[in-house]
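Report on one structure; see the data block that follows.
Per chain, numbering begins at 1; letters A, B, ... match sequence-line order.
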There are 2 protein chains.
Amino acid sequence: MESSFAIIAEPNRRAILSLLAASEHSVGEIEHQLRMPQTSVSKHLRVLRDAGFVESRVDAQRRVYRIRPEPLMEVDEWLAPFRRFWTLHVDALERHLDRMDQEPEPRKGKKR
Amino acid sequence: MESSFAIIAEPNRRAILSLLAASEHSVGEIEHQLRMPQTSVSKHLRVLRDAGFVESRVDAQRRVYRIRPEPLMEVDEWLAPFRRFWTLHVDALERHLDRMDQEPEPRKGKKR
DNA sequence: CTCTTATATGACTTGACGGGCATATGAAGC
DNA sequence: GCTTCATATGCCCGTCAAGTCATATAAGAG
């Protein structure tokens, strides 16, 4: 299962990731929230962990999973060359910047 | 072939898209640049066009393909809820970008 | 009109992945 | 200890998608 892109091609895995984006969750919580079989949840979590999208913490008999950002950052970076196609439109640019500029302090000269 | 994510899961399609991100290209140009069989290029372009990632223009016997941004915008928007994981750690982001600037592929997987 | 160039399509094969089910591991509680 | 809860794993099967090869379409060139 090579690339990060292949990992997030699976709808159930995207659902799991989106759920974990809000906060960390145990396997059982994911199972009930997303209404999918436990064995399926575990398998997808295994794939996600092997690919570095999530990590787990042990809480008694439970395993609590949370997001690891690195693989999604890769995807985000792959999108970079394409952003000019929609940041050229002003309204789309503003929506995009509104999302990006949550952080108050502009960094020193990186790209852009 | 449902989602935009499934479309970009294919490495050759990502290569085609990245090539087209720079400028529009004919099928033959893509074939030569990426060194893949023409029939394969055509099939991937068919998939990309059906999914709205590209559109084609007719130039004599050639078909010139160019990017259409909408599906990639979808992907970009799906990433939005995850961005806090790296925009909250600006320093880590900077370190990451610095590494990316120097070496093209520091691909590594580890756990904590 | 024929030949060549450029691209698309169809048939077939192969391999990978997800779902389902049974089962294994493992920690808790009694 | 045994039982229950929580999660993981192994196996089988159906599906679907990518690659290959052959062929079809369609537009110049001569």
Using whole Å, report how far [atom1] of [X] lies from [atom2] of [N].
X      : N       : atom1 : atom2 : answer
I8(A)  : dC17(C) : CD1   : C1'   : 17 Å
R46(A) : dT25(C) : CZ    : C1'   : 14 Å
Q61(B) : dT25(D) : CD    : P     : 18 Å
L45(B) : dA18(D) : CG    : P     : 13 Å
E31(A) : dA6(D)  : CD    : C1'   : 9 Å
D50(A) : dC17(C) : CG    : P     : 12 Å
M36(B) : dA8(C)  : CE    : P     : 13 Å

Side chain of [X]: nearest nucleotide among [options]?
X      : options                  : result
T39(A) : dG28(D), dT9(D), dA8(C)  : dT9(D)
R62(B) : dA6(C), dG19(D), dA6(D)  : dA6(C)
R63(A) : dA6(C), dT7(D), dG19(C)  : dT7(D)
H44(B) : dA27(D), dT7(D), dG19(D) : dG19(D)
E10(B) : dA6(C), dG28(D), dG19(D) : dG19(D)

So for [X] and [N], does any side-chain atom that can act as donor or acceptor lie under 3.5 Å from a complementary atom in the base?
X      : N       : result
S40(B) : dT20(D) : no
Q38(A) : dA8(D)  : yes
K43(B) : dT7(C)  : no
S42(B) : dT9(C)  : no

Q | F82(B) ring center within less than 6.0 Å of W78(B) ring center | A |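 W78(B) vs F82(B): aromatic centres under 6.0 Å.
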Quick one: does any side-chain atom of [X] pair with a main-chain N or O of [Y] as donor and acceptor, under 3.5 Å?
X      : Y      : answer
R14(A) : A9(A)  : yes
R84(B) : A21(A) : yes
R13(A) : I8(A)  : no
S40(B) : M36(B) : no

Q | Heavy-atom closest pair, residues P81(A) and E77(A) | A |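 In terms of heavy atoms, the two residues are closest at CD-O, 3.8 Å.
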Q) In terms of side-chain geometry, is the basic nitrogen of D50(A) or R46(A) positioned less than 4.0 Å from the acidic oxygen of its partner? A)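 Yes, D50(A) and R46(A) are salt-bridged.
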(Q) If you compare every side-chain N and O of R13(A) against the phosphate oxygens of dG18(C) (OP1, OP2), does one of them come in below 4.0 Å? (A)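 For dG18(C), OP1/OP2 do have a side-chain N/O of R13(A) under 4.0 Å.
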Q) Does the side chain of Y65(B) get closer than 4.0 angstrom to OP1 or OP2 of dA6(C) through an N or O atom? A)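 Y65(B) to dA6(C) OP1/OP2: no side-chain N or O under 4.0 Å.
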Q) For residues 18-27 of chain A, which residues have at least one heavy atom under 4.0 Å from DNA chain C? A)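 Those residues whose heavy atoms fall under 4.0 Å from DNA chain C, taken from residues 18-27 of chain A, amount to none.
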Q | Closest-nucleotide ordering on DNA chain C, the 5'-leading residue of N12(A) and V41(B) | A |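 On the 5' side of the pair lies V41(B).
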(Q) Do F53(A) and I67(A) have side chains that approach each other closer than 4.5 Å (heavy atoms only, starting at C-beta)? (A)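 Not touching, per the 4.5 Å side-chain cut-off.
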